Amino acid sequence: MLPEDYTKFDITFKMIILGHHGVGKTCLTKQAIRNTFDEAYNSTIGFEFVNFNVKLDDKVVKLQIWDTCGQEIYRSLISGFYKNAALAVLVYAIDSKESFTNLDVWLKDIKLQSNPDIKIFLVGNKTDLEDQRVVNFEEAKKYANENDFDYVIETSAKTGFNAKEVFIQAAKVLYLEHLKYTNKANLSSTKYNLNTNAKIDK
Ligand code: GTP
């Protein structure tokens, strides 16, 4: 991983973070990039955007991350954010059934408004709240399989568990797709050591 303000890059991708309000989209992004966590809840207004830079092979991959707001009143604003997104991360919180059942609504928006080739990740955040868990990982994996997600993982923005992993996997998946598209490389995903425990077999 490289610094957030690293200016040289070989390839850049836009990714969007979506999901019910309060599931931890902003915290997860900040934990992955800045190693910080804020207990206070400051709902995102519209969107914020940050960069995640990582080196794969000899290439610097820059993810331009659009962290969106989950509040219903801003949903109409978000529609414009899907444009040119290569990957969407759909987040729910493991202690909130509502955030999980609400995934259908977000997924429908993604399918309606984004590029048909968009990659989609499912992230179950707040694993540190294990004693309040109402969504188990098996249920999430089943949902991800049924809905053709590309990757599923659980995280905690609070402890940092798997926070960076989400973005590293995103960079790997998009970089591999780019190589495939430009036909330049050996396409074995194992080359980049994709986490096969969480990756969905297709
Ligand atoms: P919107 O911008 O309103 O859509 O919210 P969001 O999804 O960006 O959530 P945000 O990151 O602002 O976090 C909401 C609240 O959940 C804050 O009080 C955070 O401290 C808390 N939170 C976020 N991630 C975690 C986590 O992994 N564990 C715990 N225990 N709390 C978390």
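Note that the structure is a prediction, hence the values are computed from the model and not measured. Note that ligands are numbered from 1 as they come in the structure, with each ligand's atoms numbered from 1 the same way. Only this structure's heavy atoms are used, side chains among them; waters, hydrogens and symmetry mates stay out.
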Between K25, Q31, K30, H20, which one has a non-hydrogen atom sitting closest to atom 4 (O) of ligand 1? K25
How many angstroms lie between atom CE of M15 and atom CZ of F167, to the nearest 0.5 angstrom? 5.0 Å
In ligand 1, the atoms that come under 4.0 Å of a heavy atom of A157 are 24 (N), 26 (C), 27 (O)
Regarding ligand 1, does C27 bring an N or O atom to under 3.5 Å of one of the ligand's N or O atoms? yes
Short N/O distance, under 3.5 Å, between D67 and ligand 1? no
Quick check on contacts: which atoms of ligand 1 are under 4.0 angstrom from a heavy atom of H21? 3 (O), 4 (O)
For ligand 1, which atoms sit closer than 4.0 Å to a heavy atom of T26? 8 (O), 11 (O)
Using a 4.0 Å heavy-atom cut-off, say whether D128 meets ligand 1 through its side chain, its backbone, both or neither. side chain
Quick one: which of G160, A40, G19 has a heavy atom closest to atom 17 (C) of ligand 1? A40
Do L122 and N147 touch side chain to side chain, with heavy atoms closer than 4.5 Å? no
May I ask you to decide whether K142 forms a salt bridge with E139, counting only side-chain N to carboxylate O separations under 4.0 Å? no
Tell me whether K30 at atom NZ has more than 12 heavy atoms from other residues, nucleotides or ligands lying less than 6.0 Å away. no
Classify the ring geometry of H178 against F13: parallel below 30°, tilted from 30° to 60°, perpendicular beyond 60°. perpendicular
Is the backbone of K83 close enough, under 3.5 Å, to the side chain of K14 for a donor and an acceptor to pair up by distance? yes
Please confirm whether K126 comes within less than 3.5 Å of ligand 1 when only nitrogen or oxygen atoms on both sides are compared. yes
Mind telling me whether F81 and W66 have parallel, tilted or perpendicular rings, with 30° and 60° as the class edges? tilted
Could you work out, for atom 20 (O) of ligand 1, the closest of N125, L18, V23, D38 by heavy-atom distance? D38
Do any nitrogen or oxygen atoms of G24 come within less than 3.5 Å of a nitrogen or oxygen of ligand 1? yes
Is there a donor-acceptor contact under 3.5 Å from the side chain of K55 to the main chain of V60? no
